[in-house]
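The block underneath contains the structure these notes are about, expressed in structure tokens.
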Amino acid sequence: MGTRHVCLGAALAVMGLPGLAAGAAAADKVTYAIPTAITQQYADLTFGITLGFFADEGIDLQLVSLSNTPTVPQVANKSLVFANSTADGQLQALAKGERIDVRFFYNYLRGSVYTFSVKDDSPIGTIADLKGKKLGIGALTWGNIPMSRAILAEAGIAWQKDITVVPIGVGPAAWRQLQTGQVDVMNYYISENEKMRTAGIAVRTLPYPDRYRHMFSSALVAHVDMIRDKPDLLARFGRAMAKLSVACKAAREACARSFWQVYPATRPTPDKEAEALALGVRLLDGNYQSIGFFPDGKEEWGSFKPDSWNIHVQVLADGGVLPRADLPVETLYTNQFVPEFNKFDRDAVIAKARAAEAKND
């Protein structure tokens with residue numbers, strides 16, 4: 001299917017998934033790329049598949065993992081239909097006056113999901129204490145790096161000058177470097193902390209500057225030609241995303257279990273299932289601190305707040321990542337589809353999610 005067109009060796013596609021309607025052959029085939037491995041922290045997407053939200057919108061979804069690889073170029077060259085991306089790279093391109101052929105159209109992770117984490121018994125108490133220390137990151141290509149540089153700069157710490165930055169990957173091998181003191185702190189997403197805790201590694205997060213919480217971590221991008229030529233597809237895709245977010249918020253365990261339905265090879269043995277389910281729920285809980293982040297109390301799925309973009313730019317400019325803060329950020333995103341994203345029966349979605357939860361009780 002569509003993955004044969006994906007550059008840089010797309011690692012994972014969803015094919016023949018449960019929930020696709022009998023008439024799925026006529027559905028729009030959509031490749032949606034995630035810039036990391038697709039694990040249970042993305043079970044909200046698989047919940048959207050198993051509950052039929054994408055099929056209901058006439059979409060045959062293929063999830064693609066581009067682990068540690070920027071996704072925007074793949075959308076820009078039309079190898080992918082949609083992708084999840086941070087905004088920092090696009091802001092830097094805008095500051096350089098480069099041509100930008102993609103737009104952010106659906107705000108997914110609405111707040112920060114990244115943390116600075118240390119061992120529980122570490123003497124490090126604040127970000128300012130990181131001066132002269134070793135910082136472990138997943139890879140130099142990770143989209144959170146510009147923001148991390150800005151946060152450190154705000155604390156008076158220059159990247160690769162006052163702190164040594166070491167790419168250490170993800171998973172147990174990376175965690176071991178924190179345990180053994182090869183790095184003093186890790187700059188990862190919330191879900192990685194939960195995985196470490198499940199493995200018996202006690203970690204704590206350093207206090208995060210409050211204004212950074214209001215900047216989205218990642219959002220969906222589409223080519224400008226797609227926005228112009230197929231606006232209905234963007235509206236339908238975003239509506240499915242909104243539905244699955246409401247559903248996963250309402251029925252966390254069923255949401256976590258859906259990952260095993262879509263990827264049966266990941267299902268643990270019966271004796272490990274309860275532990276794995278608990279971890280899956282914690283991973284989703286971490287993500288939903290961001291996905292469900294509506295500080296003004298108005299639950300408007302997919303929407304971008306202009307003020308959050310302005311704060312984002314100002315923070316990066318203050319941190320020396322951007323040369324200036326007066327950028328035309330309105331050229332990078334659109335809210336034109338937000339009313340369509342939110343045209344669905346929330347009560348019906350919640351009822352469907354809870355019915356799925358009840359089946360496993």
Side-chain angles (χ1 to χ4, degrees), residues 35-36 67-73 85-98 109 111-119 122-170 173-175 177-178 180-190 192-193 196 203-218 290 308-327 329 332:
T36 63
S67 189
N68 296 332
T69 302
T71 57
V72 169
S85 176
T86 60
D88 299 353
Q90 296 304 94
L91 288 168
Q92 290 171 307
L94 184 64
K96 294 175 184 176
E98 296 176 359
L109 292 175
S112 177
V113 294
Y114 288 96
T115 66
F116 289 89
S117 304
V118 297
K119 290 194 298 182
S122 170
I124 297 171
T126 68
I127 290 174
D129 295 337
L130 297 178
K131 196 164 191 174
K133 305 300 183 181
K134 290 184 179 180
L135 172 68
I137 59 172
L140 291 170
T141 55
W142 275 23
N144 67 304
I145 288 177
M147 190 60 61
S148 297
R149 292 181 63 167
I151 292 171
L152 290 167
E154 190 174 279
I157 301 171
W159 190 260
Q160 290 291 34
K161 181 180 178 182
D162 299 320
I163 190 169
T164 303
V165 182
V166 186
I168 59 175
V170 296
W175 309 340
Q177 294 204 42
L178 181 67
T180 59
Q182 291 171 270
V183 297
D184 303 292
V185 59
M186 293 174 65
N187 181 208
Y188 285 71
Y189 25 75
I190 293 169
E192 197 74 2
N193 295 335
M196 284 192 281
V203 295
R204 58 182 167 83
T205 58
L206 302 181
Y208 212 71
D210 185 63
R211 65 173 177 158
Y212 292 86
R213 293 193 65 241
H214 293 264
M215 296 177 292
F216 70 88
S217 294
S218 65
S290 175
S308 69
W309 278 90
N310 294 332
I311 293 171
H312 202 133
V313 172
Q314 189 64 58
V315 165
L316 291 180
D318 291 347
V321 177
L322 293 176
R324 64 185 195 277
D326 59 334
L327 297 178
V329 293
L332 294 182

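Heavy-atom basis, side chains included; hydrogens, waters and symmetry copies ignored. Everything numeric in this text was worked out from a predicted model, so none of it was measured.
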N/O donor-acceptor pair under 3.5 Å between T115 side chain and Y188 backbone: yes
Separation between CD1 (I124) and OG (S117), nearest 0.5 Å, reads 11.0 Å
Just verifying a value: how many Å separate T205 OG1 and M186 CE, rounded to the nearest 0.5 Å? 13.0 Å
Validation row: S122, D184 side chains within 4.5 angstrom (heavy atoms): no
Within a strict 4.5 Å, meaning less than it, do heavy atoms of the L322 and Q92 side chains meet? yes
Euclidean distance, S290 OG relative to Y114 OH, rounded to 0.5 Å: 10.0 Å
Taking the side chain as everything from C-beta on, heavy atoms only, tell me whether L135 gets closer than 4.5 Å to L152. yes
Passing option when L130 is tested against I151, D162, I163 for side-chain contact (heavy atoms from CB on, under 4.5 Å): I163
Looking only at heavy atoms, which two atoms of I127 and A155 are closest? And how far apart? CG2-CB, 3.9 Å
Find the distance between CG (L91) and CG (L316) and round it off to the nearest 0.5 Å. 6.5 Å
Is V321 close to D88 at the side-chain level, that is, under 4.5 Å between some pair of heavy atoms? no
Please report the closest heavy-atom contact between R204 and G125, naming both atoms and the distance. NH1-CA, 4.3 Å
Taking every non-hydrogen atom, the tightest pair across Q314 and A325: OE1-CB, 3.4 Å
For the residue pair V72 and Q90, what are the closest heavy atoms and their distance? CG1-OE1, 3.5 Å
Report yes if some heavy atom in the side chain of E192 is under 4.5 Å from a heavy atom in the side chain of V170; otherwise report no. yes
Contact between W175 and V203 at the side-chain level, heavy atoms closer than 4.5 Å - yes or no? no
Locate the shortest heavy-atom distance separating P167 from L140; write the atom from each residue and the value. CG-CG, 3.8 Å
Hey, does F116 have a side-chain heavy atom less than 4.5 Å from the side chain of N187? yes
Run the side chain to side chain contact (heavy atoms under 4.5 Å, CB included) check on E154 and D318 step by step: do they pass? CA-CA 7 Å; E154 190 174 279; D318 291 347; 5.6 Å; no
Say you draw a straight line from NZ of K96 to CG of L94; how long is it, rounded to the nearest 0.5 Å? 11.5 Å
Measuring from atom CE of M196 to atom CG of L178, what distance do you get when rounded to the nearest 0.5 angstrom? 6.0 Å
Does S217 reach the side chain of M147, with side-chain heavy atoms less than 4.5 Å apart? no
